[in-house]
Visitor: 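Pasting in a structure now, in structure tokens, and then I'll have a few things to ask.
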Amino acid sequence: MMQINTKADFDQIIERINKLVEKYENNPLHYNQYQFFLANGDRIFFEMAPQYIGHLLGIRLDYLRSTKLFKNQDSYGLLKEFLENAYSVYQNIQAGHLSYKSIFSEYLEDKLETFETILYYFVPDDIEFVCKYSKSRTFQLGMETDYPCDYFFAKKDKNNDIHLLGLIRQENAYAPMTSMKFHSDERQVSKLKHLFTNQILTYVSSILITNPVTNFRNQTHMILQCKLDKIKNLNTLSHYGTGISIDISSECQFAVNGNIIKLNKINTYKIMCQQFAQAIENHEIFSLEQIDETMQEQLDEEILQLIQIYNNEICMDKNNNSAQTTYSELLEQYKTLSKQVASLNEQLQSANEQSRLYYEQMQMLQKENEQYREFQNQIFQVVDDQKQKVIAS
């Protein structure tokens, strides 16, 4: 643990923590929400929410909460209250009511150094590797650990030191559980090997970042060369410890699917080339209409241009006296006329529908007219009956 012998030492630590908290609060990136797409097919969602900050800074908030000396019970509020009342905390330490060991993590120095390193991610290459961690894998070997984490995200700094962020599953997302730093010296590397004994390593192939405050949204994919470098690095890491394995099954499946797509495209070209060769042999126009629409979508622009040039040359051949213009111009005229025909068909359908409505209205009017005639005849009959009564009287 960082040595705290005087009030000046304590004040220096509080000042460092205060600066890190202020930097976190004043940077809109702390609202970033991350989705990490791993090469093994897993998807990780998490954000650096305020409630995790105190723990990542190496402050034992549960202990501070248990002392009943602070009003705030929520983690971030408690952290802020602790920093604002640092002098009162120091007095309680001097009085023997609190202790530095109980308040601060024994790895405080490393946690403060790691905090800025693990706080933000921008591109997949920011993460050196990911360990899909399971306590049971080392427990079976008689190597109990104190890390109830599901994943460790590793980042390197300029000194090649490794900073780990441990994540644990909570409902539908992951929460930062712990942070650690491993120096590049032999002793620290040995500890890192021990941690990853019998574990599974992979890497981040894509990151989706959304920020509900700034409305920022961006997804970054790792380029092929970086993927190859990551796989090479994972292969090296797998030889560092006992039983370390690599899982990039999702990337392998992606590569296989890519090869299938390429193979399908090659087959498409074979079919098209056979048909094109037949048209050239017969000195005929090669119309794209004879090609399946799905096949047309796979053809490159250069191939379509080649077919068009060939068709133009066929039409402009000196021996082809009936050709008055190029194939491409005729094709454009055909497309224009097709649109006109489609438009006229729509007008015709509209006119037919209007005619049908008029016919129905006419039928209704005729029916009403017949009813009026029948009513008129009834009136005439009543009048005739009255006349007959008058004459008879």
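Remember, it's a predicted structure, so these values are computed and weren't measured experimentally.
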Visitor: A quick test of your reading: do over 12 heavy atoms of other residues, nucleotides or ligands sit less than 6.0 Å from CZ of Arg187?
Guide: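 Open: at most 12 neighbouring heavy atoms sit under 6.0 Å from CZ of Arg187.
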
Visitor: Report the residues that fulfil side-chain contact (heavy atoms from CB on, under 4.5 Å) with Ala173, sequence neighbours left out, ordered by chain and then residue number.
Guide: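 Here the qualifying residues are Phe45.
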
Visitor: For the residue pair Ile59 and Leu79, establish whether any side-chain heavy-atom pair is separated by less than 4.5 Å.
Guide: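 Ile59 reaches Leu79 side chain to side chain.
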
Visitor: Could you check whether atom CD of Gln73 has more than 12 heavy atoms from other residues, nucleotides or ligands sitting under 6.0 Å from it?
Guide: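 Yes, CD of Gln73 has more than 12 neighbouring heavy atoms, counting only those of other groups under 6.0 Å.
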
Visitor: Does Asp229 come within less than 4.0 Å of Lys232, counting only side-chain N to carboxylate O?
Guide: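 Looking at Asp229 and Lys232, the cut-off is not met.
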
Visitor: Between NZ of Lys111 and CG of Leu20, what distance do you get to the nearest 0.5 Å?
Guide: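 Nearest 0.5 Å value for the NZ-CG distance: 13.5 Å.
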
Visitor: Please tell me whether Ile93 and Phe82 are part of a single hydrophobic cluster in this structure, the criterion being side-chain heavy atoms less than 4.5 Å apart.
Guide: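 Shared cluster, yes.
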
Visitor: Identify the heavy atoms of Phe70 and Glu81 that sit nearest to each other, and give their distance.
Guide: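 Residues Phe70 and Glu81, closest heavy atoms: CA-OE2, 3.4 Å.
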
Visitor: With heavy-atom distances below 4.5 Å as the criterion, would you say the side chains of Ile200 and Ile246 are in contact?
Guide: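 Not in contact.
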
Visitor: SG of Cys131 to CG of Leu195: how many Å apart, nearest 0.5 Å?
Guide: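 Taking SG in Cys131 and CG in Leu195, the distance rounds to 6.5 Å.
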
Visitor: Heavy-atom distance under 4.5 Å between the side chains of Met48 and Leu56, does that happen here?
Guide: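 Contact flag for Met48/Leu56 side chains = yes.
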
Visitor: Give the cluster check for Met177 versus Met180: same hydrophobic cluster or not, with ILVMFWY residues linked at side-chain heavy-atom distances below 4.5 Å.
Guide: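 Met177 and Met180: separate clusters.
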
Visitor: Using side-chain heavy atoms (C-beta onward) and a distance below 4.5 Å, is Glu15 in contact with Asp11?
Guide: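 SC-SC contact between Glu15 and Asp11 ruled out.
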
Visitor: Can you tell me how far the CD atom of Glu360 sits from the CD atom of Gln363, to the nearest 0.5 Å?
Guide: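 Here the interatomic distance stands at 9.0 Å.
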
Visitor: I'd like to know if the side chain of Asp161 reaches the main chain of Ser184, judged simply by a donor and an acceptor atom lying under 3.5 Å from each other, with no hydrogens or angles considered.
Guide: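 Pair found, side chain donor or acceptor close to backbone of Ser184.
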
Visitor: Can you tell me if CE on Met362 sees more than 12 non-hydrogen neighbours from other groups inside 6.0 Å?
Guide: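 Yes, the 6.0 Å shell around CE holds more than 12 heavy atoms from other groups.
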
Visitor: Counting N and O atoms only, with roles assigned by atom type, does the side chain of Asn92 sit under 3.5 Å from a partner on the main chain of Leu98, one being a donor and the other an acceptor?
Guide: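 Looks like no, no N/O pair under 3.5 Å.
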
Visitor: I'd like to know if Phe46 and Leu208 are part of one continuous hydrophobic network [Ile/Leu/Val/Met/Phe/Trp/Tyr, side-chain heavy atoms within less than 4.5 Å].
Guide: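 No; tracing contacts between hydrophobic side chains, which count when under 4.5 Å, never links both residues.
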
Visitor: Can any side-chain N or O of Ser66 pair as donor or acceptor with the backbone N or O of Tyr63 at less than 3.5 Å?
Guide: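 Yes: the side chain of Ser66 pairs with the backbone of Tyr63.
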
Visitor: One pair to check against side chain to side chain donor-acceptor pair (under 3.5 Å): Tyr372 and Glu368. What are the steps and the verdict?
Guide: CA-CA 6 Å; Tyr372 287 142; Glu368 289 178 1; 4.8 Å; no

Visitor: Looking only at heavy atoms, what is the nearest atom pair of Asp157 and Asn159, with distance?
Guide: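 Closest heavy-atom pair between Asp157 and Asn159: OD1-N, 2.9 Å.
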
Visitor: Check whether Thr114 reaches the backbone of Asp110 with its side chain - one donor and one acceptor, N or O, closer than 3.5 Å.
Guide: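 Yes; at least one donor-acceptor contact below 3.5 Å.
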
Visitor: Test side chain to side chain donor-acceptor pair (under 3.5 Å) on Gln91 and Tyr87 and set out the steps.
Guide: CA-CA 6 Å; Gln91 287 181 319; Tyr87 181 69; 3.3 Å; yes

Visitor: Side-chain contact, heavy-atom cut-off 4.5 Å: Glu128 with Lys230?
Guide: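 Sidechains of Lys230 and Glu128: in contact.
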
Visitor: Please test Thr210 against Phe216 for side chain to side chain contact (heavy atoms under 4.5 Å, CB included), starting from the C-alpha separation and ending with a verdict.
Guide: CA-CA 6 Å; Thr210 55; Phe216 175 80; over 6 Å; no

Visitor: With side chain to side chain donor-acceptor pair (under 3.5 Å) as the test, would you mind laying out the steps for Asn218 and Thr220 before giving the verdict?
Guide: CA-CA 7 Å; Asn218 183 56; Thr220 308; 3.1 Å; yes

Visitor: Thr67 side chain to Leu64 main-chain N or O, any donor-acceptor pair under 3.5 Å?
Guide: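 Checking the backbone N and O of Leu64 against the side chain of Thr67, a donor-acceptor pair under 3.5 Å is found.
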
Visitor: Where is the tightest heavy-atom contact between Pro124 and Ser205, given as atom of each residue plus distance?
Guide: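 Taking every non-hydrogen atom into account, CG-O, 3.9 Å.
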
Visitor: Show your reasoning for whether side chain to side chain donor-acceptor pair (under 3.5 Å) applies to Ser134 and Gln199.
Guide: CA-CA 7 Å; Ser134 175; Gln199 300 298 331; 5.5 Å; no

Visitor: Do Ser206 and Gln219 touch side chain to side chain, with heavy atoms closer than 4.5 Å?
Guide: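 The answer is yes; the side chains approach within 4.5 Å.
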
Visitor: Please report the shortest heavy-atom distance between Ile168 and Pro148, naming the atom on each side.
Guide: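 For Ile168 versus Pro148, the nearest heavy atoms are CD1-O, 3.1 Å.
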
Visitor: Using the side-chain contact (heavy atoms from CB on, under 4.5 Å) rule, pick out the option among Ile44, Ile127, Val123 that qualifies with Ile207.
Guide: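 With Ile207 as partner, side-chain contact (heavy atoms from CB on, under 4.5 Å) holds for just one option, Ile127.
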
Visitor: Are Lys181 and Glu109 close enough for a salt bridge, meaning some N to O gap below 4.0 Å?
Guide: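 So Lys181 does not pair with Glu109 through a salt bridge.
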
Visitor: Holding to salt bridge (Lys or Arg N to Asp or Glu O under 4.0 Å), I want the full list of residues that pass it with Glu346, two or more places apart in sequence or in another chain.
Guide: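 For Glu346 there are no salt bridge (Lys or Arg N to Asp or Glu O under 4.0 Å) partners, ignoring immediate neighbours.
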
Visitor: Working to the nearest 0.5 angstrom, can you tell me the gap between Phe104 CZ and Leu112 CG?
Guide: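 Reported value, rounded in 0.5 Å steps: 9.0 Å.
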
Visitor: Would you confirm whether Arg16, through its side chain, and Asn18, through its main-chain N or O, come within 3.5 Å as a donor-acceptor pair?
Guide: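 Such a contact is absent between Arg16 side chain and Asn18 backbone.
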
Visitor: If you look at every heavy atom in Pro176 and Leu167, which pair is closest and at what distance?
Guide: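 Smallest interatomic distance, heavy atoms only, reads CA-CD2, 3.8 Å.
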
Visitor: For Glu370, is there an ion pair with Arg373 - N to carboxylate O distance below 4.0 angstrom?
Guide: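 Looking at Arg373 and Glu370, the cut-off is not met.
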
Visitor: Of all heavy-atom pairs between Lys155 and Thr117, which one has the smallest distance, and what is that distance?
Guide: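 So the two residues come closest at NZ-O, 2.7 Å.
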
Visitor: Same hydrophobic cluster for Tyr120 and Tyr151, using side-chain heavy-atom links shorter than 4.5 Å among ILVMFWY?
Guide: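 Same cluster: Tyr120 reaches Tyr151 through Ile, Leu, Val, Met, Phe, Trp or Tyr contacts under 4.5 Å.
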
Visitor: Could you check whether any side-chain N or O of Thr242 sits under 3.5 Å from a backbone N or O of Thr197, counting only pairs where one atom can act as donor and the other as acceptor?
Guide: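 Not at all, since once roles are kept as given, no pair shorter than 3.5 Å links the two residues.
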
Visitor: Distance-only criterion, 3.5 Å: show the donor-acceptor pairs between side-chain atoms of residues 25-40 and protein atoms not counting sequence neighbours.
Guide:
| from | atom 1 | to | atom 2 | distance (Å) |
| --- | --- | --- | --- | --- |
| Glu25 | OE1 | Lys80 | NZ | 3.4 |
| Glu25 | OE2 | Tyr76 | OH | 2.5 |
| Glu25 | OE2 | Lys80 | NZ | 3.1 |
| Asn26 | ND2 | Glu22 | O | 3.0 |
| Asn27 | OD1 | Leu29 | N | 3.0 |
| His30 | ND1 | Tyr24 | O | 2.8 |
| His30 | ND1 | Asn27 | O | 2.9 |
| Asn32 | OD1 | Asn211 | ND2 | 2.9 |
| Asn32 | ND2 | Leu29 | O | 3.4 |
| Asn32 | ND2 | Tyr34 | OH | 3.4 |
| Tyr34 | OH | Tyr121 | N | 3.1 |
| Asn40 | OD1 | Asp42 | N | 3.1 |
| Asn40 | ND2 | Asp42 | OD2 | 3.1 |

Visitor: Hey, is the main chain of Gln371 close enough, under 3.5 Å, to the side chain of Asn369 for a donor-acceptor pair?
Guide: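 Not at all, since once roles are kept as given, no pair shorter than 3.5 Å links the two residues.
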
Visitor: In sequence, state the C-alpha distance, the side-chain angles, and the governing distance for Phe152 and Tyr133, and then conclude on ring pair (Phe, Tyr, Trp, His ring centres under 6.0 Å).
Guide: CA-CA 7 Å; Phe152 280 107; Tyr133 190 82; 5.2 Å; yes

Visitor: Hey, could you give me the CG/OG distance between Leu192 and Ser190, rounded to the nearest 0.5 Å?
Guide: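 Leu192 atom CG to Ser190 atom OG measures 9.5 Å (nearest 0.5 Å).
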
Visitor: Hydrophobic clustering (ILVMFWY, side-chain heavy atoms < 4.5 Å, transitive) - are Leu201 and Leu228 grouped together?
Guide: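 No, because Leu228 and Leu201 fall into different hydrophobic clusters, even though each may have its own neighbours under 4.5 Å.
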
Visitor: First locate atom CZ of Arg60, then atom OG of Ser102, and finally report the distance between them rounded to the nearest 0.5 Å.
Guide: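 Going from the CZ atom of Arg60 to the OG atom of Ser102 covers 7.5 Å.
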
Visitor: Ser238 pairs by side-chain contact (heavy atoms from CB on, under 4.5 Å) with which of Asn235, Thr236, Leu234?
Guide: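 The single option meeting the side-chain contact (heavy atoms from CB on, under 4.5 Å) with Ser238 is Asn235.
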
Visitor: Are more than 12 heavy atoms from other residues, nucleotides or ligands located less than 6.0 Å from atom CD of Gln378?
Guide: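 Yes.
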
Visitor: Counting only heavy atoms not in Arg169, do more than 12 sit closer than 6.0 Å to its CZ atom?
Guide: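 Count over threshold, so yes.
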
